[in-house]
Amino acid sequence: MTDTQALADKKILLGVTGGIAAYKAAELTRRLQDHGAEVRVVMTRGAQTFITPLTFQALSGNPVHTELLDPQAEAGMGHIELARWADLLLVVPASANFIAKVVHGFGDDLLTTLCLARRAPLAIAPAMNQAMWANPATQNNIIKARELGILQFGPGNGVQACGDVGQGRLMEVPDIVKSVLEHFKPSQSTADNKSAQLLAGKTVLLTAGPTREAIDPVRYISNHSSGKMGYALASAAAELGAKVILVSGPTNLSAPQGVECIRVSTALEMQAAVMAKISETDIFIGSAAVADYRPASVAEQKIKKTQDRDDMTIELVKNPDIIAGVAASNPKPFTVGFAAETNDVANYARGKLARKNLDMIIANDVSRSDIGFNADQNEVTVYWKGGEKPMPNLDKSVLAIELMQLVGARYLNHSS
Ligand code: C5P
């Protein structure tokens, strides 16, 4: 099977809901077919106000399904049969209304009914106005969607059809195709997927999340790191066959399956946990946002407001650089760092690579609000001595697999 035919035996049921981005689903139909996928299309009533079923019928070469209770369609491929036919139910664009209905189990039209009756995974590519995306009701539904195991591609950030700028743009079609290809990768035969056990027999140690540096018993210094990228990398490393140890600062995330998770709070605790495991580590990845400084002393009691002064000073001392310590250990594991930069990303990242004696560094531009720290997407460039690789804007879980494959390949190359 060639790379371009990676979806040759895959049946994709493409759901199109109402939104201006519906026209992009037409292009997506073609691009999925380029990889050999068989595509059938289901349109909601809203979608049909933006683009006609005839367009999708011509592109997909199959009748387009629009009605739940259509005797003619049921006589052909009935809705239950259609739900069972699919290897993936992909909804592009997924409107706020559709997402709300699907996470609450509604089945009031053909597409939502198919979602209820499906056996295959469901993936959604949300697209909506930035205010609709940011609305707490939508955000709650997105959290619920994740809890239900619904895969999410995007949304991206940028100028919207209505003139607004912000989060909510449909993920670009090539990136959706890439995410679909990634989704099907693990289900390929092991013979096909040589990278499946790329890290078998290896131990990967990662740090993730923020650290918390106590000021007194109730206050601390910390940062906005969510830990999502580090957890996704830990999960990807486990999927590639590695034994994975994750040293995590405080996050809301649960440990990925098959990963040993050591929870810590401060930078000093993180350093101790890392150094205790370093002798058994083949690859170290420092994705934690470690606080550079901590209060010089922690007050035993809660610090009180003083009436006579409007200012207060907390003396800080430098925390150890955990990753530099790892890179200085003997034997040194293959060491990968992160560089979160706001400007001149390549120069600062390369500087850090050399100064900390790292083998690779994954750099991102944290001046952008749509990627990095708390976002679900990330767009990074990876640097190593004599090379670099820019990665597209991808969901962190998809990006993590790509990154672990790159790290794994460079590690094996370096140690052979
Ligand atoms: O120097 P800077 O904080 O930008 O470097 C970022 C990289 O160094 C990340 O990989 C981070 O996990 C690691 N780091 C660390 N210990 C610190 C500070 C950063 O391991 N005290």
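Atoms within each ligand, like the ligands themselves, are counted from 1 in listed order. What you see is a predicted model; the values in this text were computed from it and never measured. Any value given below was found using the heavy atoms of this structure, including those in side chains, with hydrogens, waters and symmetry copies removed.
Looking only at atom types and distance, the side chain of Asn393 has no donor-acceptor partner in the side chain of Asp175 under 3.5 Å away. Side-chain N/O atoms of Ser225 and Asn223 include no donor and acceptor closer than 3.5 Å. Looking only at atom types and distance, the side chain of Gln48 has no donor-acceptor partner in the side chain of Arg45 under 3.5 Å away.
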Run through all N or O atoms in ligand 1 and write down each protein N or O closer than 3.5 Å, as a pair with its distance.
unit_1, atom_1, unit_2, atom_2, d
ligand 1, 1 (O), Lys356, NZ, 2.8
ligand 1, 4 (O), Lys352, NZ, 2.5
ligand 1, 5 (O), Lys356, NZ, 2.9
ligand 1, 8 (O), Lys356, NZ, 3.1
ligand 1, 10 (O), Gly286, O, 2.5
ligand 1, 10 (O), Phe338, N, 2.9
ligand 1, 12 (O), Gly286, O, 3.2
ligand 1, 12 (O), Ala288, O, 2.7
ligand 1, 16 (N), Ile322, N, 3.0
ligand 1, 20 (O), Ile323, N, 2.9
ligand 1, 21 (N), Pro320, O, 2.9

Between Thr266 and Arg294, is the side chain to side chain contact (heavy atoms under 4.5 Å, CB included) condition met? List the steps. CA-CA 9 Å; Thr266 67; Arg294 66 180 184 278; over 6 Å; no

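With Arg350 contributing its side chain and Trp384 its backbone, the two residues share a donor-acceptor pair below 3.5 Å.
Heavy atoms only, all atoms of each residue included: Pro217 and Lys302 are closest at CD-N, 3.7 Å.
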